[in-house]
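Remarks on the structure that follows.
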Amino acid sequence: MAVEDPDGDQRWMSIHNRFLSETREKDADVIFIGDSIIQALQHTDVWNEWFAPLHCLNFGIHRDQVQNVLWRIQNGELDHVKPKVIVLHVGTNNHSNSPEEIVNGITEIINIINEKHCNTYIVVPTLLPRGQYPNPIRERLLQVNDLIKKQISQMPKVEVVVIDNGFVQPDGTISHHDMYDYLLLTNAGCRKAFEPVYEMLLQLLNEDEPDKELTPTK
């Protein structure tokens, strides 16, 4: 569903409409779609260094939940495009849903993507921990990640990429050097989290290319 507009400024719908325009104006090999983790990625050095050269579009919206991303896809955001890979990250904001409900929603999104783009790979990064100290949301996200690994990784042309390792310290805290507000990533945190995604994208984008002859080092 579309989000409610308590502020009355219709920013969410304006962003959605901008994404629709981008699908008609730009060719993308990779589309990132999801929540604030995806949206914030576009404003980092990591995006400019790794992802922009791969011809990526970023369709992330702050605070989006699973049902919001599903609505956006059902309402045109993946029409008029032919990406080779779609990166889907959503679920961290579904506070009122159980882990099973979150994963069922992610599965529904994947099924809709497959209907629109049956030959496209879908990369699903695991959800990141959040909060400086241990908290119930973290525990729920761990359960979501376990279900993602068990259920979604079995789906055809879907690659689950673990990105949540290394953020929780031995004492259970998360450093502001990795997440400046204990949710959104710093440049250093982005590099730690999204390097495995970058490596997976390189693998998927290059898998159909013929092997290149190696030039001997002089």
Side-chain angles (χ1 to χ4, degrees), residues 19-20 22-24 26-35 37-39 41-42 46-47 50-61 64-92 94 97 99-128 141 143-165 190 193-212:
F19 293 161
L20 295 183
E22 290 185 4
T23 64
R24 295 181 176 89
K26 300 178 181 179
D27 293 325
D29 288 330
V30 182
I31 294 178
F32 285 72
I33 191 165
D35 51 30
I37 300 299
I38 295 299
Q39 181 187 39
L41 177 64
Q42 191 171 15
V46 168
W47 179 268
W50 286 347
F51 299 119
L54 298 181
H55 304 104
C56 298
L57 286 176
N58 188 307
F59 291 168
I61 298 184
D64 254 16
Q65 299 181 37
V66 169
Q67 61 269 29
N68 308 131
V69 173
L70 178 62
W71 185 93
R72 291 199 275 131
I73 292 173
Q74 291 173 327
N75 287 270
E77 285 194 16
L78 294 182
D79 297 348
H80 312 292
V81 289
K82 295 181 180 179
K84 298 176 182 176
V85 186
I86 292 171
V87 181
L88 170 67
H89 183 284
V90 69
T92 189
N94 284 79
N97 296 106
E100 291 79 11
E101 289 171 336
I102 293 170
V103 174
N104 287 342
I106 294 172
T107 301
E108 186 176 357
I109 291 174
I110 292 172
N111 288 334
I112 295 295
I113 293 174
N114 283 331
E115 290 176 7
K116 293 177 177 288
H117 301 283
C118 60
N119 295 318
T120 296
Y121 279 102
I122 302 170
V123 172
V124 181
T126 53
L127 302 184
L128 295 169
L141 295 179
Q143 295 175 41
V144 171
N145 286 340
D146 286 341
L147 290 172
I148 286 175
K149 294 170 190 175
K150 292 176 183 177
Q151 298 180 22
I152 292 179
S153 63
Q154 305 303 314
M155 301 177 73
K157 296 188 79 71
V158 175
E159 299 288 345
V160 173
V161 179
V162 175
I163 69 169
D164 57 300
N165 290 335
C190 270
F194 280 94
E195 184 173 10
V197 174
Y198 174 63
E199 292 174 350
M200 176 59 69
L201 290 180
L202 291 180
Q203 178 181 330
L204 295 176
L205 292 172
N206 294 327
E207 72 169 8
D208 293 329
E209 292 187 1
D211 293 334
K212 297 179 180 179

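- Looking at residues two or more places apart in sequence or on another chain, you find a side chain to side chain contact (heavy atoms under 4.5 Å, CB included) between E77 and H16, F19, L20, I33, F59, R72.
- You'll find the side chain of V162 reaches within 4.5 Å of the side chain of K149, heavy atoms only.
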Is there a side-chain contact (heavy atoms from CB on, under 4.5 Å) between F32 and L88? Walk through the geometry before answering.
CA-CA 6 Å; F32 285 72; L88 170 67; over 6 Å; no
Please report, to 0.1 Å, the donor-acceptor pairs under 3.5 Å made by any side chain of residues 109-118, with sequence neighbours excluded.
unit_1: N111; atom_1: ND2; unit_2: T107; atom_2: O; d: 3.3
unit_1: N114; atom_1: ND2; unit_2: I110; atom_2: O; d: 3.3
unit_1: K116; atom_1: NZ; unit_2: D79; atom_2: OD1; d: 2.9
unit_1: H117; atom_1: NE2; unit_2: L78; atom_2: O; d: 2.7

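- Relative orientation of the Y198 and W50 rings is parallel, given thresholds of 30° and 60° on the angle between their planes.
- One distance of note links CD1 of I86 with OG1 of T120; it measures 5.5 Å at 0.5 Å rounding.
- A donor-acceptor pair shorter than 3.5 Å can be found between the side chains of Q67 and N94.
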I'd like to know whether K84 forms a side-chain contact (heavy atoms from CB on, under 4.5 Å) with L204, so could you lay out the CA-CA distance, the side-chain angles of the two residues, the decisive distance to 0.1 Å, and finally the verdict.
CA-CA 8 Å; K84 298 176 182 176; L204 295 176; over 6 Å; no
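- The OG1 atom of T126 sits 7.0 Å away from atom CG of N165, with the distance rounded to the nearest 0.5 Å.
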Please step through side-chain contact (heavy atoms from CB on, under 4.5 Å) for the pair Q74 and L70, ending with a clear verdict.
CA-CA 6 Å; Q74 291 173 327; L70 178 62; 3.9 Å; yes
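- With a 4.5 Å cut-off on side-chain heavy atoms, P83 and I31 count as touching.
- The CZ atom of F194 sits 13.5 Å away from atom CD of E199, with the distance rounded to the nearest 0.5 Å.
- Each of V90, I152, V197 was compared with V124 under the side-chain contact (heavy atoms from CB on, under 4.5 Å) criterion, and only I152 meets it.
- In terms of the salt bridge (Lys or Arg N to Asp or Glu O under 4.0 Å) criterion, D164 has no residue partners (sequence neighbours excluded).
- E195 CD to C190 SG: the interatomic distance, rounded to the nearest 0.5 Å, is 12.5 Å.
- One side chain, H89 or D35, offers a donor N or O that lies under 3.5 Å from an acceptor on the other.
- In this view, Q143 and P99 satisfy the side chain to side chain contact (heavy atoms under 4.5 Å, CB included) rule, not counting sequence neighbours.
- Note that the SG atom of C56 and the CG atom of D29 stand 8.0 Å from one another [nearest 0.5 Å].
- The salt bridge (Lys or Arg N to Asp or Glu O under 4.0 Å) search around K150 returns none, not counting sequence neighbours.
- Remark: E100 engages S98, L147 in a side chain to side chain contact (heavy atoms under 4.5 Å, CB included) (not counting sequence neighbours).
- Nearest approach of P125 to I163, heavy atoms of both residues: CB-CD1, 3.7 Å.
- The distance from the CD1 atom of I106 to the CD atom of E101 is 12.5 Å, given to the nearest 0.5 Å.
- When side chains are defined from C-beta on, H55 does not count as touching V30, because their heavy atoms never get closer than 4.5 Å.
- Of the residues listed (I122, N58, L201, V161), the one engaging V87 in a side-chain contact (heavy atoms from CB on, under 4.5 Å) is L201, and it is the only one.
- For the residue pair Y121/E207, the side-chain donor-acceptor check at 3.5 Å is satisfied.
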